[in-house]
Amino acid sequence: MAVPKAVLAQAQTLRTELERHNYQYYVLDQPLVSDAEFDRLFRQLQQIESDYPELVDPESPTQRVGGSPLPEFRQLTHRTPMLSLNNAFSEEEVTAFDRRVREGLDEEDVEYLAEPKFDGLAISLSYEQGRFIRGATRGDGYTGEDVTPNLRTVKSMPLRLRGKALPALLEVRGEVLMYRRDFDSLNERQRSNGEKEFANPRNAAAGSLRQLDSRITAARPLRFFAYAVGAIEGAAVPNSHSAVEDWLQSLGLPVCPERRVVHAVQGLMRFYHLMGERRAGLPYEIDGVVYKVNSLAAQQQLGYVSRAPRFAIAHKYPAEEATTEVLAIEVQVGRTGALTPVARLAPVFVGGVTVTNATLHNEDELRRKDVRIGDTVVVRRAGDVIPEVVAVVREKRAKGAAEFRMPTSCPVCGSAVVRLPDEAVARCSGGLVCAAQRKQALLHFASRRAMDIEGLGEKLVDQLVDQNIVKTAADLYRLGLV
Ligand code: IVH
């Protein structure tokens, strides 16, 4: 059956419309229509394509849903190797990097492009005459896995580049990752389907991209950020790294807005601290920042040592996650009697401090994560947030490790523990009979926002309560402490 001209035109209009909305939503972060309106247009196009199967086009937005599973991944050789970056962990190491760069270029002051180091997976995308034709993982840096069908499902990645005078070939380098909020809802979905949860957004992104069935990838909320050009034919790249990224953005590729041109060690360190402050508020995870000499001619002049460029370095933040062993699980009693299970840990350096305890939140969380004494666990400390146990490394669990049970009587006063049917927390029913609750009540009473009693801190309250000197706040007056 021939496709009527009007239908053809309508399909084309809908495709352009939908791709424009994808671009507005994923690249510019400025949606023009509601999700419902997008769905309506999408279904309209799907209907046309199902009425006229000869209209189906691999570049249609409806095709970002994945195809038949592959038996295995093909290997792809990168035109130019995908190298790694050397790391710096201190200002001294950044200073040494800048010194080597200045000496190598024989310049006093060097301009750098600074941007976040995304915690995802490196990917290389090939566009021919502006059409996406293949994409591969980094692999060993020389050969990676062909994940083209999976990448087609990543909606922030254009299947066609924008603009005229497109290069005959363009290899774009960048990172595939998952936003934190998308990771949270994916894990919620995994949980309610009784499937395995992912430990962090990076693992979720990696696991989602390396699926032989691209329909699974399509159901996973992956994102992409471009940060470099690997190879180019039939066009010239601009002469600085910042201009390259601006150009990639003009082609419709998502480029991270958090990029700055800076000078000298001072400029690098200022960027490092600025991003460090903003880190917890970014929609995605970063594990550092990357500094790249901005001039491409200077980059070439500096070249490479072994497998890393001399012109770029990753300045890392302290890791927010680490693994360690659970030595014990204890239950703390709060001011309102709420029981909080806490894991006592073998000391571990994470988020810039040594951590020995991590909260397990409440009984439901503890059960869901199924943390047991002796387990190896992933601990997370982000910003100033209380350290928490993220997940158990199940492979390392000792045989016969017993499931942890919440106590049925208060570990402090022995009163019965009760849990109301509509509450997540179990509570000690002892009230002010319970020394733990009494201590917390006194601390609360003495705190700055209440009576603001100077010098009445945790240590003193412990002593006063343990030695039965103080039972209620009234005793503080009797003793002349207020
Ligand atoms: S540029 C020649 N920029 O870091 C320079 N890499 O340790 C090429 N990465 O495998 C890399 N964010 O996956 C660059 N903004 C960024 C990056 C970045 C993350 C990753 C990349 C690479 C690894 C190197």
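Remember, it's 1-based here, ligands and their atoms both numbered in the order they're listed. By convention here, the first residue in the shown sequence is residue 1.
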- ring pair (Phe, Tyr, Trp, His ring centres under 6.0 Å) with Phe225: which residues, sequence neighbours excluded? Phe118, Tyr284

- Item | Residues Arg173 and Ser124: side-chain donor-acceptor under 3.5 angstrom | yes

- Message: Under 6.0 Å from the ring centre and within 45 degrees of the ring axis: does the NZ or CZ of Arg152 meet both conditions for the six-membered ring of Phe132?
- Response: no

- Query: How would you list, by chain and number, the residues with a heavy atom under 4.0 angstrom from ligand 1?
  - Reply: Ser84, Leu85, Glu115, Pro116, Lys117, Phe118, Ala122, Arg138, Glu175, Tyr227, Val290, Lys292, Pro309

- Task: Would you kindly check if the NZ (Lys) or CZ (Arg) of Arg220 is within the cone defined by 45 degrees around the ring axis of Phe198 and under 6.0 Å from the six-membered ring centre?
- Result: no

- State, without any angle test, whether Asp98 and Tyr291 hold a side-chain donor-acceptor pair at a distance under 3.5 Å. no

- Message: With heavy-atom distances below 4.5 Å as the criterion, would you say the side chains of Glu363 and Leu339 are in contact?
- Response: no

